2 protein chains.
Amino acid sequence: MTGIKDVAQAAGVSVSTVSYVLSGKRTISSQTISKVMDVIDELGYVPNANAQRMRGGRSQIISISEPIRKDMNQIEFSSYFLQTVKHVKSAGYDALLLSGEHEAVDDIRRVGNNNLADGVILLDIETDDIRARRADSYGKPCVAIGYPQERRYCACIDIDFVHMGHMAAQRLFDLGHRVVAALRDLEMHYVRQSSYVILFRDAFLQRAEELGMTVMESGPVEYDTFDPQQYVEDLLGEKQRPTALVSQADAAILNTVLDALALANVSIPDDISVLSCGTYFEAELMKAPISEIPLEPEGLCTKVTDILIDAIENGTDIRGVLELIEPKYVDRGSVSKPRSDFLRQS
Amino acid sequence: MTGIKDVAQAAGVSVSTVSYVLSGKRTISSQTISKVMDVIDELGYVPNANAQRMRGGRSQIISISEPIRKDMNQIEFSSYFLQTVKHVKSAGYDALLLSGEHEAVDDIRRVGNNNLADGVILLDIETDDIRARRADSYGKPCVAIGYPQERRYCACIDIDFVHMGHMAAQRLFDLGHRVVAALRDLEMHYVRQSSYVILFRDAFLQRAEELGMTVMESGPVEYDTFDPQQYVEDLLGEKQRPTALVSQADAAILNTVLDALALANVSIPDDISVLSCGTYFEAELMKAPISEIPLEPEGLCTKVTDILIDAIENGTDIRGVLELIEPKYVDRGSVSKPRSDFLRQS
DNA sequence: CTGAAAGCGCTTACAG
DNA sequence: CTGAAAGCGCTTACAG
């Protein structure tokens, strides 16, 4: 491999001059600069990243910790992960993927204390997340997408799910809905104490109660046991038939419910409004006119990268920072007033 | 940070002894070993990875090049990417994600010539893939999942799609099918010359022709224009009604077709057998009894990692190596003989 | 505006 | 079985 010495020799300057030409940390005569650059081009010189890193400079690598679980929602994974990677790269950093469900903390510590990585992004945060609790031992700044209990050692950024819950309840109430169904997310998220499902659910139920709105919450939802036909049948059999369905369920489950509603000749949004909160859709495949409050992974991932890079490059102390993003309410004109005759039918 | 000097001093040995204790490249007395290890534990010493790498050792990083496209199939992406990462990690390497649709080659070169990465895995290969064509310039061994034209500079590993195509045709023929429908994959894959769609399609059509089986191929399939109802209607309206549907389509599209078949009261597999070749399903959500010839990303990803690590660790020259994996035929008992009265109906 | 030299934290001949 | 020392390819005070 051709090194900095070869370049210096061929250009007839000192090694330090070559280094300064590359870093721009010294004023160099334009003749010297062009001479050096020519030689670099000619020899195809690439600075050895490992030597640069060892000198204490940055590694220009950000590690992304994402527990790879068998039961993970791959669409959701892709959205957050890919978006984050995209922003990390466009900020001039490489992305190192730390998976490891079990040795996650050890892995993060290793690459941090190693100087392999300049910073860490934590994805898929649980309420009591060990990666957040140990964030003081990483030796590098750390930022989480999510809302863990322990936020003293890392920055956290998330959608404001409390606001989202209130918003959903208020919106339906304002339109005149008084009885609404709530379709739960996959049960594992509650078991795992993922903060977003819990914050949203609590906020929604609380505001609904304040408003005097009746909420019929579904039972636990799991892929292999959930029966959409039965669910829809039960809803329609209620004495007080709900006029809206608020879903926190994942897209696949919600899709099966939409199909079941269609089969039961319940039309959306004429008979029942469907409001999906924070679910990902492959929009082209979603035929029913549902409304959604989207998660906007794009906005989140930009922000999380910006915060981390500020800490890396400017030494800003981001520990304890909490940033909540307002969910945008997107109404495709399909959350409507409840139809009175549908109400009476029940 | 505590360095190797601190450990040496605290343990009362030389720096080189500490290094050899860690590397195991020298026989050391057990007393010295335990003394050194104790100190390492006590001080929490972690070798500086950048210094280790600079000394010419390996970086223990494998870079994974995956063009992140807006239109990518995220399920498929996840399957290959996550599986590959899993195997890379369990082999003791970290995974660096190189996305970049445009500067992919530059990125790979950089991390290769840099010594940042020890090797490269190329995912999502096209027939004329620039990343494969330039693989001689990476300075590190390279292996691709896929089947590019230019295979001189990297190892390639793929499912044997030709065999898969023959298998699918032969299987249906043996069961007695004489008229079958073929549902194309998303058009972009043909436009992009992804080898798997082309190899499969050609092989299937060729064997079908040899056997004298009639194949009705669908028109181009795209998310925003494909109309499953219309497609099913057209199929049922054919003079010679097909008794089997071979699908290379992605799961979402195939799902809509299954729904449309159900709505048209065409029962699977009684009226029509459905054979999905290499599509990913979220199996729990797939109600219809279809059969599939799966892609087995697991087997592929293990193999690709093994080959690359052999090159990295043993210096094996893997350029030009081509390994084809036999697709496994999975029949859930749902590719059946054509029903004669359904045939007569047409 | 530029150069000679120290040193980053390791590994590995070289020497015993 | 162990140590003293050279050197990996850079960056950055130090000096002019």
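Quick caveat, the model's predicted, so the values are computed rather than measured.
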Do the side-chain N and O atoms of [X] and [Y] include a donor-acceptor pair separated by under 3.5 angstrom?
{"X": "R131(B)", "Y": "S65(B)", "value": "yes"}
{"X": "S19(A)", "Y": "S16(A)", "value": "no"}
{"X": "N115(A)", "Y": "K140(A)", "value": "yes"}
{"X": "R109(A)", "Y": "S137(A)", "value": "yes"}

[N] [atom2] sits how many Å from [X] [atom1], rounded?
{"X": "I40(B)", "N": "dC10(C)", "atom1": "CD1", "atom2": "P", "answer": "10 Å"}
{"X": "I4(B)", "N": "dT12(C)", "atom1": "CD1", "atom2": "P", "answer": "11 Å"}
{"X": "Y45(A)", "N": "dG9(D)", "atom1": "OH", "atom2": "P", "answer": "10 Å"}
{"X": "R58(A)", "N": "dC8(C)", "atom1": "CZ", "atom2": "C1'", "answer": "17 Å"}
{"X": "K35(B)", "N": "dT2(D)", "atom1": "NZ", "atom2": "C1'", "answer": "11 Å"}
{"X": "K5(A)", "N": "dA5(C)", "atom1": "NZ", "atom2": "P", "answer": "13 Å"}
{"X": "R55(A)", "N": "dA13(D)", "atom1": "CZ", "atom2": "C1'", "answer": "10 Å"}
{"X": "M54(A)", "N": "dT11(C)", "atom1": "CE", "atom2": "C1'", "answer": "12 Å"}

Exercise. Using only heavy-atom distances, decide whether a donor-acceptor pair under 3.5 angstrom links the side-chain of S16(B) to the base of dA5(D).
Key: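 Donor-acceptor pair under 3.5 Å: no.
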
Practice problem: Check V18(A), V21(A), V7(A), I28(A) against V13(A) for a side-chain contact (heavy atoms from CB on, under 4.5 Å) and give me the one that passes. | Solution: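 The residue from V18(A), V21(A), V7(A), I28(A) that satisfies side-chain contact (heavy atoms from CB on, under 4.5 Å) with V13(A) turns out to be V18(A).
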
Quiz prompt | Gap between atom CG of L300(A) and atom CD1 of I325(A) - 0.5 Å precision | solution =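 So the gap between those two atoms works out to 5.0 Å.
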
Practice problem: Can you measure from CD1 (I157(B)) to CD1 (I307(B)) and round to the nearest 0.5 angstrom? | Solution: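 Reported value, rounded in 0.5 Å steps: 4.5 Å.
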
Quiz prompt | dC1(C) and dA5(C), which share atom name P, separated by this distance in whole Å | solution =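 After rounding to an integer number of Å, I get 24 Å for this pair.
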
Compare the minimum distances between each of [options] and the side chain of [X], then state the nucleotide with the smallest one.
{"X": "T32(A)", "options": "dC10(C), dC10(D), dT2(C)", "result": "dT2(C)"}
{"X": "S14(A)", "options": "dT2(D), dG3(C), dC8(C)", "result": "dG3(C)"}
{"X": "P47(B)", "options": "dA4(C), dC8(C), dC10(C)", "result": "dC10(C)"}

Quiz item: Is atom CD of E313(B) surrounded by more than 12 heavy atoms (other residues, nucleotides or ligands) closer than 6.0 Å?
Solution: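 Count over threshold, so yes.
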
Exercise. Please check if atom CZ in R133(B) has more than 12 non-hydrogen atoms from other residues, nucleotides or ligands closer than 6.0 Å.
Key: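 Yes.
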
Quiz item: Below 4.0 angstrom from OP1 or OP2 of dT2(C), is there any side-chain N or O of T17(A)?
Solution: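 Result: no.
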
Practice problem: Examine dG9(D): is either OP1 or OP2 under 4.0 Å from a nitrogen or oxygen in the side chain of Q52(A)? Give yes or no. | Solution: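 For Q52(A), the contact criterion (side-chain N or O under 4.0 Å from OP1 or OP2 of dG9(D)) is not met.
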
Report all side-chain donor-acceptor pairs from residues 34-43 of chain A shorter than 3.5 Å, counting only partners two or more places apart or in another chain.
unit_1: S34(A); atom_1: OG; unit_2: S30(A); atom_2: O; d: 3.2
unit_1: S34(A); atom_1: OG; unit_2: Q31(A); atom_2: O; d: 3.0

Quiz prompt | Nucleotide pairing, DNA chain C (Watson-Crick or G-U, distances under 3.5 Å), in dot-bracket with [ ] and | | solution = |||.||||||||.|||

Practice problem: Please work out if V15(B) contacts a base, only the sugar-phosphate, or nothing of the nucleic acid, heavy-atom cut-off 4.0 Å. | Solution: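 V15(B): base contact, heavy atoms under 4.0 Å.
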
Quiz item: Hey, can you pull the residues of residues 18-30 of chain A with a non-hydrogen atom under 4.0 angstrom from DNA chain D?
Solution: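 Within this stretch, S19(A), Y20(A), K25(A), R26(A) sit under 4.0 Å of the strand.
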
